[in-house]
Amino acid sequence: MDGNGRWARRRNLPRYFGHKKGIESVRKIVRACNDLGVKYLTLFTFSTENWQRPKREVQELMRLLSKVPKQEEPELQKNNIRVKIIGRIDDLPEAPRKSLLNLVAKTANNTGLTMAMAINYGGRQEIVDACKKITRASKVKDLTEDNFKNFLYDPELPDPDLLIRTGGEKRISNFLLYQLAYTELYFTETLWPDFNKEELLKAIEDFSKRKRRFGRVYEIE
């Protein structure tokens, strides 16, 4: 969800105003995905590298992560949305950690859209953490792709069909490195605070025109 800071700077506002505005886009996209019947949506919310940002910006992001889950819970419950968290959440400050885990617990029995939030997340870190779990699990005799996935942050989450990156950046930036092996990539210049249902539908339409071979070759194209 790139472009919050640039959106704010273009309006001569502090960067954290862009993050506040970006929350509105999260609401719109979550509603749209739920309406469209999307089963899983993963939002890259805060990376392990984001701690290097200006101190005030990080503090504001942690404040939002402390406050927003409680504010959003009623609508998430109303729309039967389940929330999950992936990442090194134990390393978060106490307030956002408790707020997020409380939301996860309260929505755990919902059966609609699963919204996974990647917080204090890094793709390389996830692979390293999975390897650490494997070394501690003496039961693993024969490591395969299937049972390796059991050691990721949330084995239940399926590999993404589509990755959308806003803000004009054309790289993966340490997001779901293991899971993105055959994911279709979509890049847009639209900044995240301006990303709405119409922009989402453009990405889905583009995705619908692609042929996904998964390494296979079709004789008749």
> So if you build clusters from Ile, Leu, Val, Met, Phe, Trp, Tyr with side-chain heavy-atom gaps below 4.5 Å, do L180 and F207 land together?
Replying inline: no
> Are F151 and V128 connected, step by step, through hydrophobic side chains (Ile, Leu, Val, Met, Phe, Trp, Tyr) whose heavy atoms are closer than 4.5 Å?
Replying inline: no
>> Check whether W51 forms a cation-pi arrangement with R53 (NZ or CZ under 6.0 Å from the six-membered ring centre, at most 45° off the ring normal).
In response: no
>> Rounded at 0.5 Å granularity, tell me how far CD1 in I119 sits from CD1 in I89.
In response: 6.0 Å
>> With rounding to the nearest 0.5 angstrom, report the OG to CD distance, S66 to Q71.
In response: 11.0 Å
> Under the side-chain hydrogen bond (donor to acceptor under 3.5 Å, both in side chains) test, which residues partner T111, sequence neighbours left out?
Replying inline: N80
> With sequence neighbours left out, what residues match Q59 under side-chain contact (heavy atoms from CB on, under 4.5 Å)?
Replying inline: K55
> Is there a donor-acceptor contact under 3.5 Å from the side chain of N147 to the main chain of T144?
Replying inline: yes
> Can we say E126 and R88 salt-bridge, meaning some charged N sits less than 4.0 Å from an Asp/Glu carboxylate O?
Replying inline: no
> Can you name the nearest heavy-atom pair linking S25 to P193, along with the distance?
Replying inline: OG-O, 3.1 Å
> Salt-bridged, R210 to D206, with N to O below 4.0 Å?
Replying inline: yes
> With distance as the sole test, does W192 use its side chain to make a donor-acceptor pair with the main-chain N or O of G3 at under 3.5 Å?
Replying inline: no
> Hey, what else clusters with V68 if you join Ile, Leu, Val, Met, Phe, Trp, Tyr whenever side-chain heavy atoms sit under 4.5 Å?
Replying inline: I23, L64
> Given the rule in the salt bridge (charged side-chain N to carboxylate O under 4.0 Å, His left out) test, do K70 and E73 qualify, once you have shown the distances and angles that lead to the verdict?
Replying inline: CA-CA 5 Å; K70 185 176 182 179; E73 185 199 341; over 6 Å; no
>> Do I164 and F195 make a side-chain contact, defined as non-hydrogen atoms from C-beta onward lying under 4.5 Å apart?
In response: yes
>> Can you give me the closest heavy-atom contact between P160 and Q179, atom names plus distance?
In response: CD-O, 3.6 Å
>> To the nearest 0.5 Å, what is the distance between NZ on K28 and SG on C33?
In response: 14.0 Å
>> Side chains of L162 and L185, heavy atoms from C-beta outward: is any pair under 4.5 Å?
In response: no
> Under 3.5 Å, is there a donor-acceptor pair between the side chain of T107 and the main chain of V83?
Replying inline: yes
> Looking at CG of L103 and CD1 of I85, how far apart are the two atoms once the value is rounded to the nearest 0.5 Å?
Replying inline: 7.0 Å
>> Taking side-chain contact (heavy atoms from CB on, under 4.5 Å) as the definition, give me every residue that meets it alongside R31, ordered by chain and number, with sequence neighbours left out.
In response: R27, E75
>> Which residues pass the side-chain hydrogen bond (donor to acceptor under 3.5 Å, both in side chains) test with T188, not counting sequence neighbours?
In response: T190
> Considering residues at least two apart in sequence or located in another chain, which fulfil the side-chain contact (heavy atoms from CB on, under 4.5 Å) criterion with R124?
Replying inline: N174, L177
>> Measuring only between side-chain heavy atoms, which start at C-beta, is L191 closer than 4.5 Å to R10?
In response: yes
> Does the side chain of R15 reach to within under 4.5 Å of the side chain of N4, using non-hydrogen atoms?
Replying inline: no
> Ignoring hydrogens and geometry, is there a side-chain-to-backbone donor-acceptor pair from D154 to E156 under 3.5 Å?
Replying inline: yes
> Same cluster or not: are L36 and L163 linked, directly or through other Ile, Leu, Val, Met, Phe, Trp or Tyr residues, by side-chain heavy atoms under 4.5 angstrom apart?
Replying inline: no
>> What I'd like to find out is whether the side chain of L61 reaches to under 4.5 Å of the side chain of Y16, using heavy atoms alone.
In response: no
> Among pairs that include at least one residue of residues 64-113, which meet ring-ring contact (aromatic ring centres under 6.0 Å, His included), considering only residues two or more places apart or in two chains?
Replying inline: none
> Does a side-chain N-to-carboxylate-O contact under 4.0 Å join K202 and E205?
Replying inline: no
>> Using a 6.0 Å cut-off, check whether atom NZ of K106 has over 12 heavy atoms from anything other than its own residue.
In response: no
> What is the minimum heavy-atom distance between G18 and A8, and which atoms define it?
Replying inline: N-CB, 3.6 Å
> Do you know which two heavy atoms are closest between L152 and K133, and how far apart they sit?
Replying inline: O-NZ, 3.8 Å
> How many angstroms lie between CZ in F17 and CZ in R9, if you round to the nearest 0.5 Å?
Replying inline: 15.0 Å
> Are L200 and Y40 connected in the hydrophobic side-chain network, where two residues link if heavy atoms are under 4.5 Å apart?
Replying inline: no
>> Under the criterion salt bridge (charged side-chain N to carboxylate O under 4.0 Å, His left out), I'd like the reasoning laid out for E145 against K149: C-alpha separation, chi angles, the key distance, then a yes or no.
In response: CA-CA 6 Å; E145 289 183 21; K149 188 172 182 178; over 6 Å; no
> What closest approach, in Å, do L113 and V30 show between heavy atoms, and which atom pair accounts for it?
Replying inline: CD2-O, 3.8 Å
> Do E60 and R56 touch side chain to side chain, with heavy atoms closer than 4.5 Å?
Replying inline: no
> Which pairs count as ring-ring contact (aromatic ring centres under 6.0 Å, His included) when at least one residue sits in residues 76-134, sequence neighbours excluded?
Replying inline: F44-Y121, Y121-Y153
>> Donor-acceptor pair, distance only, cut-off 3.5 Å: does the side chain of D35 make one with the backbone of A32?
In response: no
>> Are M117 and F175 connected into the same hydrophobic cluster when the rule is that any two of I, L, V, M, F, W, Y join if their side-chain heavy atoms are below 4.5 Å apart?
In response: no
> If every non-hydrogen atom of M62 is compared with every non-hydrogen atom of P96, which pair is closest and at what distance?
Replying inline: O-CB, 3.9 Å
> How would you list, by chain and number, every residue that makes a side-chain hydrogen bond (donor to acceptor under 3.5 Å, both in side chains) with D161, sequence neighbours excluded?
Replying inline: R212
>> Among residues at least two apart in sequence or on other chains, which ones pass side-chain contact (heavy atoms from CB on, under 4.5 Å) with A181?
In response: none
> Do T114 and T42 pass the side chain to side chain contact (heavy atoms under 4.5 Å, CB included) test, and can you show the C-alpha distance, the side-chain angles, and the key distance before you say yes or no?
Replying inline: CA-CA 8 Å; T114 294; T42 301; over 6 Å; no
> When rounded to the nearest 0.5 angstrom, what distance separates CG in L43 from CD1 in I29?
Replying inline: 9.0 Å
> Judged by atom type as modelled, is there a donor-acceptor pair below 3.5 Å linking the side chain of R6 to the main-chain atoms of G167?
Replying inline: yes
> Is D2 salt-bridged to R165, going by a charged N under 4.0 Å from an acidic O?
Replying inline: yes
> For Y178, which residues count as a ring pair (Phe, Tyr, Trp, His ring centres under 6.0 Å) partner, sequence neighbours excluded?
Replying inline: F148
> Thinking salt bridges, do K209 and E184 make one under a 4.0 Å N-O criterion?
Replying inline: no
>> According to ring pair (Phe, Tyr, Trp, His ring centres under 6.0 Å), who are the partners of Y182, at least two apart in sequence or on a separate chain?
In response: F214
> Of I86, L157, D159, which is the lone residue that meets side chain to side chain contact (heavy atoms under 4.5 Å, CB included) with L176?
Replying inline: I86
> Do any N or O atoms from the side chain of N79 and from the backbone of I81 form a donor-acceptor pair under 3.5 angstrom?
Replying inline: no
